Amino acid sequence: MAPHMSESPDDGREAYDVASIQERWLPVWDELAPFRSGRPDDTRPKKYVLDMFPYPSGDLHMGHAEAYALGDVIARYWVQRGYNVMHPIGWDAFGLPAENAAIKRGEDPIHWTYENIAQQKSSMRRFACSFDWDRVLNTCDPEFYHWNQWFFLQMFERGLAYRKDSAVNWCPNDQTVLANEQVVGGLCERCDTPVTKKKLTQWYLRITEYADRLLEDMAQLEGAWPEKVLLMQKNWIGRSSGAEVQFAIEGRDEPVTVYTTRPDTLYGATFFVVAADSELAAELADGTPAQEAFATYLETVKRTSDIERLDSSRAKSGVFLERYAINPVNGERIPIWASDYVLADYGTGAIMAVPAHDQRDLDFARAFGLPVRVVVDAGEDPAVTGVATADDGPHVNSGPLDGLGKAEAIAAINAVLDERGTGRPAVNYRLRDWLISRQRYWGTPIPIIHCAQCGEVPVPLDELPVRLPPAEGLDLKPKGTSPLGAATDWVNTTCPRCGGPGTRDTDTMDTFVDSSWYYLRYTSPHDDTQAFDPAVVREWLPVDQYVGGVTHAILHLLYSRFFTKVLFDMGLVDFTEPFTRLLNQGMVVMDGSAMSKSRGNLVRLSDELAVHGVDAIRLSMVFAGPPEDDVDWADVSPAGSKRFLARAWRLSGDVTSAPGVDVTAGDIDLRRATHRAVSEASTAIETLRFNVAVARAMELVNVTRKAIDSGCGPADPAVREAAEAVAVMLSLVAPYTAEDMWSRLGHAPSVALAGWPDVDPALLVEDLVTCVVQVAGKVRERLEVPPGITEDELRELALASPGLVKALDGRAVRTVIVRPPKLVNVVPA
RNA sequence: GCCCCUUUAGCUCAUUGGCAGAGCGCUCCCUUGGUAAGGGCGAGGUACCGGGUCCGAUUCCCGGAAGGGGCUCCA
């Protein structure tokens with residue numbers, strides 16, 4: 001169906017028919033594949049534009065539409081600018097959503113997953129995403145997770161993957177452990193269930209070893225990543241510097257080391273606290289009169305959820321262990337308490353308490369009647385005010401430190417500790433190692449075989465991938481241990497080292513392992529000999545522009561940065577940061593709040609597309625505001641977007657000059673408007689202000705309309721130039737409309753490859769500009785002057801102008817401020 | 001509690017140390033062989049408030065208010 005193709009293309013009277021335009025161009029694009037990247041004979045410079053890959057949970061929703069519309073503007077823009085753009089897509093296909101859905105339906109997660117992938121893929125095609133469909137990957141395919149296992153073993157070999165017994169975060173609902181990053185405010189990131197602690201032996205990746213580099217390399221991202229994300233990562237890593245100080249313990253051979261950021265307040269330590277749930281606490285309590293009280297307290301602590309523990313307004317609790325520590329600088333004997341406000345896994349799990357200068361210590365001291373000694377004079381007594389002072393000030397009650405300021409005191413005390421061998425400067429991080437074991441089915445099997453003789457034995461590389469056994473016959477319901485344990489044929493194997501009996505590790509990997517390196521795999525997604533080809537990766541990476549939600553500000557982005565640095569150290573990549581620029585798009589909300597079925601404000605993407613068409617929805621998303629802001633769907637007007645597109649589209653039918661006509665003979669004002677619009681749109685797009693670029697295109701459409709109806713007329717070559725520029729600009733946002741315009745303007749498809757219009761700088765300069773003449777800041781006269789006018793010429797012209805003379809009314813002139821060519825301000829005496 | 005961001009037309013947002021703008025929405029007019037449409041005209045502003053710098057501040061600085069976001073027993 002091509003209702004207007006056979007009619008005269010210039011009568012401008014056909015209707016803008018969204019449905020038929022969409023039908024017409026999809027097959028043409030399938031044929032042309034304008035976004036296939038990296039052909040061997042392609043000499044264009046390379047760019048890598050990456051959208052965060054989706055979970056295949058259901059069909060695409062409004063959030064996807066926004067994210068992919070934005071990513072598409074960037075990818076399509078750089079194609080128009082003559083780049084060989086790689087813009088791939090894939091599916092983050094392992095994980096709980098698929099597994100839970102499968103359990104509900106009693107089927108293998110693989111079916112649900114692949115159905116959704118097919119659905120999303122077809123929706124993306126219709127949504128005109130400029131993806132390179134030859135590079136698609138699914139993380140649940142053995143061809144992909146093979147390399148998760150390979151990376152794991154590489155890290156294992158380097159001591160970066162290790163197994164340890166520890167109290168881990170446990171989600172009682174999902175019945176699996178969680179990484180620290182997946183506990184949000186004490187709740188499971190996925191299901192909002194309060195997280196509890198559980199003692200388990202689990203696999204970890206040693207991300208803490210890279211803490212410093214993760215911090216330092218953020219300098220590379222300054223200005224190119226959202227400030228907010230960098231700040232969040234910085235806070236998450238939480239580097240602090242201070243000192244480790246050794247305290248002797250009465251009745252114990254070994255001293256206990258504490259970590260403090262304020263070694264200068266050592267003389268103010270009036271008691272000592274160990275984490276209640278640490279081994280040290282149990283050891284110290286053992287055999288003392290406090291043993292029973294401690295045991296009771298420990299039980300209470302274990303029952304306390306993270307949520308309660310994180311409530312800083314909660315009263316301090318603890319128990320005196322009937323033991324004493326000796327302050328290394330003054331020999332003072334201070335009582336040892338156990339409390340849950342000290343964390344077992346931060347620092348050394350023990351602290352010196354300085355209640356005068358630490359609020360938590362002060363709260364504890366007040367709760368248990370312990371002494372408070374001021375050692376930094378800040379003018380107030382914390383024991384009286386209840387507010388610990390952390391400010392700088394002269395030290396008091398501190399022996400040799402008396403009179404010193406904070407910085408000098410720290411230096412002095414460090415020297416003393418060093419000399420006596422009882423302390424040294426130290427650094428600590430809030431960041432913990434990344435726990436990657438999961439007690440669930442739908443993930444990458446951990447390629448380790450446990451052998452009674454040999455311990456943890458890696459699966460030989462030539463036996464990878466360790467394939468997930470079929471779900472059939474397995475009970476996938478969460479029960480606290482991995483469902484893989486029931487696949488006895490799979491679990492029981494032989495030890496690759498000694499040939500004796502062995503069992504496979506039954507846990508699967510956190511799916512964030514998949515997303516930590518998937519962007520590398522796109523460069524050679526079908527390579528079955530290696531994770532990626534380092535030579536090809538060198539050509540494409542790092543990613544030039546990454547687009548995705550801010551929900552991944554810490555998790556995915558931190559892990560990816562960590563992986564990249566490990567790969568750099570392995571010599572597999574030649575860069576240390578994977579994503580050069582990052583755009584965090586906002587969310588699509590409805591009436592101010594997140595869309596959800598239960599809230600009843602869910603807008604279905606498929607409905608919107610059916611009513612307004614793909615282009616109008618894409619345009620609405622892009623034009624709604626700055627990309628990082630939320631889009632409130634209640635505030636946008638897809639019908640208005642559609643009207644605009646129809647108005648733009650009609651231009652293409654009004655042009656009567658022939659393709660290739662000499663535009664330099666065209667109407668100068670319209671040409672200026674065209675070149676200014678293209679120039680400003682380019683800047684806007686390159687600074688990620690896509691809404692502004694759209695506004696410029698809208699203005700150009702309006703100007704062109706006027707030129708046709710009441711200006712230079714439809715035959716003027718400038719009208720063709722303007723209409724073609726509109727088509728190319730719109731090709732980034734409204735591909736169907738743009739393609740149809742391009743065709744009606746007499747060109748062959750595809751407009752996506754038409755090339756961005758060249759801007760003639762001469763056309764950006766006005767012949768005459770309006771100069772404002774002010775008297776005391778008020779406009780009294782306007783002059784049309786050439787833009788190159790000199791200061792003297794302009795002053796003379798302005799002083800002689802009638803409006804000024806009248807306004808001055810004979811008064812003397814005190815000062816004349818001349819800012820050619822735009823302004824003259826005359827200040828009367 | 002600490003830190004960050006935002007505040008310009010009814011809505012969403014541009015812009016700029018010097019005339020305050022766009023789109024959407026709205027009024028009215030034209031078109032009635034483009035019609036669940038098209039074209040035109042127009043209204044609409046104390047640029048959150050208060051101080052400062054400056055010839056001149058919506059813009060820069062300080063303070064306040066409102067809204068939004070992040071962090072919060074990490075010694």
Side-chain angles (χ1 to χ4, degrees), chain A residues 11-16 185 226-229 231-232 234-240 242-243 258-263 265 269 273 275 309-314 316 339-343 345-354 357-361 363-364 387 428-432 550 553-554 592 619-620 623-626 628-632 634-641 643-644 646-647 650 653 680 684 689 691-699 701-702 705-706 708-710 770-779 781-782 814-819 822-828:
Chain A
D11 71 356
R13 299 240 159 169
E14 314 87 333
Y16 170 70
E227 204 59 43
K228 191 171 91 171
V229 173
L231 185 67
M232 284 168 71
K234 196 174 162 217
N235 288 340
W236 186 261
I237 296 166
R239 182 192 149 104
S240 78
V258 303
Y259 172 74
T260 176
T261 54
R262 294 293 304 274
T265 62
V273 188
R309 210 183 56 76
L310 283 171
D311 178 6
S312 49
S313 65
R314 189 173 65 113
K316 290 279 182 289
S339 174
D340 65 354
Y341 87 91
V342 171
L343 306 175
D345 61 350
Y346 181 77
T348 61
I351 62 156
M352 64 175 204
V354 184
H357 308 297
D358 182 285
Q359 191 60 47
R360 297 152 299 181
D361 296 347
D363 293 344
F364 193 86
V387 179
N428 252 296
Y429 301 91
R430 198 179 164 288
L431 183 71
R432 307 295 148 84
V550 74
I554 292 174
L619 178 70
S620 300
F623 185 54
E628 58 275 12
D629 285 7
D630 286 350
V631 175
D632 193 329
D635 290 336
V636 304
S637 167
S641 296
R643 267 198 297 280
F644 161 71
R647 204 154 63 234
R650 245 181 284 115
E680 288 179 14
R689 286 142 57 235
N691 56 322
V692 177
V694 171
R696 295 298 167 264
M698 287 173 165
E699 287 161 28
V701 167
N702 290 344
R705 179 82 261 152
K706 276 204 171 92
I708 291 171
D709 291 346
S710 54
T770 304
C771 174
V772 179
V773 181
Q774 300 176 335
V775 174
K778 290 199 165 57
V779 181
E781 178 80 81
R782 276 158 208 190
R814 193 175 61 170
T815 325
V816 182
I817 293 112
V818 186
R819 292 284 177 277
K822 295 188 73 178
L823 176 120
V824 176
N825 187 21
V826 177
V827 186

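Chain naming here is simple, since letters A, B, ... match the order of the sequence lines and numbering starts at 1 in each. What you are looking at is a predicted structure, and each value in this text was computed from that prediction instead of being measured.
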Whom does [N] pair with, Watson-Crick or G-U wobble, provided both distances fall under 3.5 Å?
{"N": "U32(B)", "value": "none"}
{"N": "U53(B)", "value": "none"}
{"N": "G21(B)", "value": "C13(B)"}
{"N": "U6(B)", "value": "A66(B)"}

For [X] and [N], what is the distance between atoms [atom1] and [atom2] respectively, to the nearest whole Å?
{"X": "N235(A)", "N": "G70(B)", "atom1": "CG", "atom2": "C1'", "answer": "8 Å"}
{"X": "M698(A)", "N": "G21(B)", "atom1": "CE", "atom2": "P", "answer": "20 Å"}
{"X": "D358(A)", "N": "U72(B)", "atom1": "CG", "atom2": "C1'", "answer": "14 Å"}
{"X": "R239(A)", "N": "C71(B)", "atom1": "CZ", "atom2": "P", "answer": "22 Å"}
{"X": "L343(A)", "N": "A75(B)", "atom1": "CG", "atom2": "P", "answer": "10 Å"}
{"X": "E680(A)", "N": "A22(B)", "atom1": "CD", "atom2": "C1'", "answer": "12 Å"}
{"X": "E628(A)", "N": "C4(B)", "atom1": "CD", "atom2": "C1'", "answer": "15 Å"}
{"X": "M232(A)", "N": "C71(B)", "atom1": "CE", "atom2": "C1'", "answer": "9 Å"}

Using the [atom1] atom as the reference point in each nucleotide, state the distance between [N] and [M] in Å, no decimals.
{"N": "A66(B)", "M": "C28(B)", "atom1": "P", "answer": "40 Å"}
{"N": "C2(B)", "M": "C19(B)", "atom1": "P", "answer": "40 Å"}
{"N": "G17(B)", "M": "C30(B)", "atom1": "P", "answer": "44 Å"}
{"N": "C29(B)", "M": "C54(B)", "atom1": "C1'", "answer": "47 Å"}
{"N": "G63(B)", "M": "G42(B)", "atom1": "P", "answer": "45 Å"}
{"N": "A9(B)", "M": "A47(B)", "atom1": "C1'", "answer": "10 Å"}
{"N": "G68(B)", "M": "C60(B)", "atom1": "C1'", "answer": "24 Å"}
{"N": "C13(B)", "M": "A75(B)", "atom1": "P", "answer": "38 Å"}

Indicate, with a heavy-atom threshold strictly under 4.0 Å, whether [X] touches base, sugar-phosphate, or nothing.
{"X": "Y429(A)", "value": "nothing"}
{"X": "N702(A)", "value": "sugar-phosphate"}
{"X": "R432(A)", "value": "base"}
{"X": "V273(A)", "value": "nothing"}
{"X": "S641(A)", "value": "nothing"}

For the residue pair [X] and [Y], what are the closest heavy atoms and their distance?
{"X": "V631(A)", "Y": "A624(A)", "result": "CG1-CB, 3.7 Å"}
{"X": "Y346(A)", "Y": "Y259(A)", "result": "OH-CE2, 3.9 Å"}
{"X": "D361(A)", "Y": "V354(A)", "result": "OD2-N, 2.9 Å"}

Nearest to the side chain of [X], which nucleotide is it out of [options]?
{"X": "K228(A)", "options": "G69(B), A75(B), A14(B)", "answer": "G69(B)"}
{"X": "E699(A)", "options": "A22(B), A75(B), G23(B)", "answer": "A22(B)"}
{"X": "R430(A)", "options": "U72(B), C11(B), G23(B)", "answer": "U72(B)"}
{"X": "I817(A)", "options": "C55(B), A75(B), C41(B)", "answer": "C55(B)"}
{"X": "T260(A)", "options": "C11(B), A75(B), C24(B)", "answer": "A75(B)"}
{"X": "D629(A)", "options": "C13(B), A14(B), G23(B)", "answer": "C13(B)"}
{"X": "N691(A)", "options": "A14(B), G23(B), U72(B)", "answer": "A14(B)"}

Can you check whether S240(A)'s main-chain N or O pairs, donor with acceptor, with N428(A)'s side chain at less than 3.5 Å?
no
Less than 4.5 Å apart, any side-chain heavy atom of [X] and any of [Y]?
{"X": "Y16(A)", "Y": "R647(A)", "answer": "no"}
{"X": "K706(A)", "Y": "N702(A)", "answer": "no"}
{"X": "M352(A)", "Y": "T265(A)", "answer": "yes"}

Rounding to 0.5 Å, atoms CG (D358(A)) and OG1 (T261(A)) come to a distance of 8.0 Å
Salt bridge (Lys or Arg N to Asp or Glu O under 4.0 Å) filter on R262(A), not counting sequence neighbours, yields D264(A)
Does a side-chain N or O of [X] approach OP1 or OP2 of [N] to a distance below 4.0 Å, or not?
{"X": "R689(A)", "N": "U15(B)", "answer": "yes"}
{"X": "S240(A)", "N": "A75(B)", "answer": "yes"}
{"X": "Y341(A)", "N": "A75(B)", "answer": "no"}

Quick one: does NZ or CZ of K316(A) land under 6.0 Å from the six-membered ring centre of F364(A), within 45 degrees of the ring axis?
no
Please figure out whether D630(A) or V636(A) has its closest RNA chain B nucleotide nearer the 5' end.
D630(A)
Result for 5'-nearest mapping on RNA chain B, choosing between D361(A) and A624(A), is A624(A)
Can you check nucleotides 36-39 of chain B for protein contacts, nitrogen or oxygen pairs under 3.5 Å, and list what you find?
unit_1: G38(B); atom_1: O3'; unit_2: R650(A); atom_2: NH1; d: 3.2

